[in-house]
Amino acid sequence: MRKLSLLFYVLPLATVGTVSAQQSEIYVHKLSELDKALVLFKDKQYQSAQILFERVKQDAKEIDVKADCAYYIATCAIRLNQSNADELMEKFVSDYPTSSKQNQAYKEVAQYYFEQGKYPQAMEYFDKVDESSLTYEEQEKFNFQKGYVYFTSKNKKEATNYFNKVVNSKEYGSQAKYYLGMISYDADDYKEATKQFDQISGDERYKEKLTYFQADMNFKLGNFQKAIDEGIKAMPKSSAAEKSELNKIIGESYFNLQQYDKALPYLKEYKGKKGKWSNTDFYQLGYTYYKQNDFENAISQFNKIIEGKDHVAQNGYYHLGESYLKTDKKQQALNAFKNASEMDFDKKIQEDAHLNYAKLSYEIGNSYQSVPDVLSSFLAKYPNTSSKAEIETLLINSYITSKNYKDALVLLEKNNSAENKPAYQKVTFYRGLELYTDGNYKEALAMFKKSIATPRDAKFTARATFWKGESEYVLSNFSEALLSFKQFENAPEAKSTPEYKNINYNIAYSHFKLKEYDQAGDFFQKQIDAVKDDKVRLNDSYLRLGDSRFVTSKYWPAMDAYNKAIELKGIDADYAAFQKALSYGFVSRNQSKIDDFNKFLQNFKTSQYRDDALFELANTYVNEGKTDLAIKTYDQLLSEFKTGSFAAKSILRQGLVYYNSQKDELALTKFKKVVADFPRTPEAVEAVSTARLIYMDNGKVDEYATWVRTLDFVEVSDADLDNDTYEAAEKQYLQNNAKQAISSLTGYVSKFPNGIHSLKANFYLAQAYFSDGLPNNAVLNYEFVVSKPRSEFTEQSLARLCEIHLKNNDYTKAISVLKRLETEADFPQNVTFAQANLMRAYFEQKDYSNAVVYADKVLANPKTDDKVKSDAQIIVARSAIKANDEGKARSAYAKLLTIAKGELAAEALYYDAYFKNKDGKFEDSNKAVQKLAKDYSGYKYFGAKGLIVMAKNYYQLKDDFSATSILESVIKNFSTFTDVVTEAQTELSIIKGEISKTNSSITN
């Protein structure tokens, strides 16, 4: 400045001097304003100062004046927190790179941002400062502030470097030592932290803060009592967050000193990290409750330990199991011990947990693996365990109590030692019962034979002998069955078995099937005398006793038996009444026969034997010479049963009545109707034969010949060849020479497709194919038979066609034939067969409404046995599930549960648990799942699905551990059931998502 002023004075020209004088006056004026601006700046009147600086800068010509003004304008903007302050300062730096104020600008901006708490912005400018050009006083402030900025950005190395530069500073030393102590504290270098904190312990500014850190450091150094003392001292003046941490420090210190009663109130007050507890937090509070025998509260904490994979989790799961046992929650305890046994952080805990898991599996069942597997794996892992004898005993018993006979048998056959023989006998017996219940009679028979071959327990030997007989019976090996039943009857232990009650009944039926009717009748009488409370068998025994006496021509005893059955008013009372009426005919009491049949027709209007009764009544009228009544009764039969099995016979009989009464025209009318309506039937053949006699008697041979030529099944010229060919083929069939019969009958059908015997030939050929193991070859021949008018072969052909189509899973064809069988069958068992299989076929075709219709028919039939009833109920239930008809599904599964066995029982029990879960009955639902696990462990699919329901129950009961551990076990153990695993994964994800809101150990 002075240099410019001097130059102005030495210029010689007057004009110039005048100008110089004017410029000097302006410049001095501007300098005066600049000085005023600087004074205002120093007085912190930044707004006024900024206005003056802007005015001076605008008028100034000198670059250094402009630079200084730009600097102060930007500095004022920063002080005034103006939005463009950064831009002004950056513009100053870029516009005036040689300004002496540049370093000062960086420093002041950095410190200004520092004071505003904007540390990232402050660091940006601190980094631009040339530290070497700072004064000593400026360096102290700069070093502390830059160190603090590094501290806030967690760059502890650089922070330490800068704080160390000012540790001896009078103004900043205490603060530097505090933060150096904090850096050491965070790095768990408590020795260095203590050294730094001790140097400032007398500073009131840090006294309260240091108490908290000293409590924490003493805790971490294991000085628990000192940590408690310091923590209690720090508590009153601490923030809410610090109080939470101090509660944790004090509580855990008491915990480590095993002073659990003192630890409890502090641990309960801990709020967690960001509102979440860790597994360790839950464990410590849970263990504190556990040590004070407060097991319910212990459970509530331990079961929040989720996804634990360390010694804390193993301890937590073990003590959770112990707590569950103390509160008699055995299923939950099993899950807890299972988890603890799968961790090896503490070998002793692992072994003890495995032992408890094995024992509980034996006691309550195990859905994850068979109980024998659990027990065996324990013995394999701990062969020298002190509990070896106990577990070996449980292993043997588990073969029976777990009811997992299939898996048990595999294990026993691998180790069929002398000690295991008693268990082997029991397991083969019970496995045989399972197979029998499931309809696998051949495999069941093999099991019973194995049980008998290992005679360690006389009672089981006797029972196995009985069921061997049952299996042989259903396999149609009646002689062997009879022998087995007799052996059972003579066994010393037989009378103490549940099977003995009905042994006479079984023996009676075996004799009956062997056509040994006298013996059969005697044993049915024994059953009647011995057992009065079983009304179903009592009624059936009277019926079969009647049949046995009837077949052996003992008609009066037969009628006595039938009368008893009628009096019971049970199933087949109509059959008994029919047989009784029929018996009168064999003792020459035709009027009684007529009276009883008329009573029958009055009392049993919907009986399956109604057409039989009408036919027998009409025949009896014929025998009694009451031809008008006979004709009238035949007409009634034809009116009620137009397509029945007696239709052709009734018309033929009417014709014969007319023929015998010499009413030839009426007779011919009836014979021709038989031929027209029922061609190729035996009745049609007989009608043609009798009609021929009428024509011959009346000398109308030509008329007969003309009529016969219209019949495609009578080939007059080839009649002898037809008969000879057929008789040769029939002979092979009747002698059970299947292959020769097939060859001969095929030849006949080919040569005489519409021959006299074509109907019977096709039926016999189909039967031969079927019995020779070629059912598909029989289809065309059976179809030929059923395509013709009703005959004695129609019903059996329909039944066989149904069997073949069902075996081939051709439900479309099966349904068509089954519907015919249902409406046309005379035998009740065929109607039941048709309805049961229509039910199954419709279900397989996903026609659930029709499936339910037929299931209801099956259930309404009092003759349906429990196995078929179970099938019907399951069809109803599954169809209802598919149709989302929950009400019907609930009812069907509830009914199924009362009668089902084996896998169907497992399914019903699963749905029992499922619906109870939906109703919020979580404890009851779990009981159903536990029963499923214990009694039906062999049915893994429903066991796995039941576990998912159990997990849902536990989650609703606030037992997070049990819920998640069960789902994880399902995912791990049931990979073959992809739908179950997918459902388990979905549920686990949902549950963990909720738990993660309060537990920091959970990842979702």
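- Classification of D919 and R890 as a salt-bridged pair holds, one side-chain N sitting under 4.0 Å from a carboxylate O.
- Using cut-offs of 30° and 60° on the angle between ring planes, the pair Y283 and H319 is tilted.
- Cation-pi geometry between K388 and Y382 is not satisfied (NZ or CZ under 6.0 Å from the ring centre, within 45° of the ring normal).
- Classification of the W277-Y270 ring pair by plane angle, with boundaries at 30° and 60°, yields tilted.
- For the residue pair Q332 / Y954, a side-chain donor-acceptor distance below 3.5 Å is found, with atom types taken as modelled.
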Step by step, work out the side-chain hydrogen bond (donor to acceptor under 3.5 Å, both in side chains) result for D352 and Y318. CA-CA 9 Å; D352 201 45; Y318 177 79; 2.3 Å; yes

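- Panel note: side chain S244, backbone K271; a donor-acceptor pair is recorded below 3.5 Å.
- Ring geometry for Y911 against Y914 counts as perpendicular: the plane angle is over 60°, on a 0 to 90° scale with 30° as the lower cut.
- Salt bridge status for E983 with K952: present, with a side-chain N to carboxylate O gap under 4.0 Å.
- Not one N or O on the side chain of S989 forms a donor-acceptor pair closer than 3.5 Å with the backbone of T986.
- The aromatic rings of F942 and Y910 sit tilted relative to each other, their planes meeting at an angle between 30° and 60°.
- Note on ring orientation: taking the six-membered ring where Trp is involved, the planes of Y893 and F915 are tilted (angle from 30° to 60°).
- Only one option out of Y254, Y290, Y287, Y289 pairs with Y260 in a ring pair (Phe, Tyr, Trp, His ring centres under 6.0 Å); it is Y287.
- Looking at E434 and K406, no side-chain N of the basic residue comes within less than 4.0 Å of a carboxylate O on the acidic one, giving no salt bridge.
- Using a 4.0 Å cut-off between charged nitrogen and carboxylate oxygen, K450 and E413 count as a salt-bridge pair.
- Contact check on E886 versus K918 returns a salt bridge, with a Lys/Arg side-chain nitrogen under 4.0 Å from an Asp/Glu carboxylate oxygen.
- Ring pair F460/F429 is perpendicular by interplanar angle, where above 60° counts as perpendicular and below 30° as parallel.
- Classification of D229 and K233 as a salt-bridged pair fails, no side-chain N sitting under 4.0 Å from a carboxylate O.
- No side-chain heavy atom of K359 sits under 4.5 Å from any side-chain heavy atom of F337.
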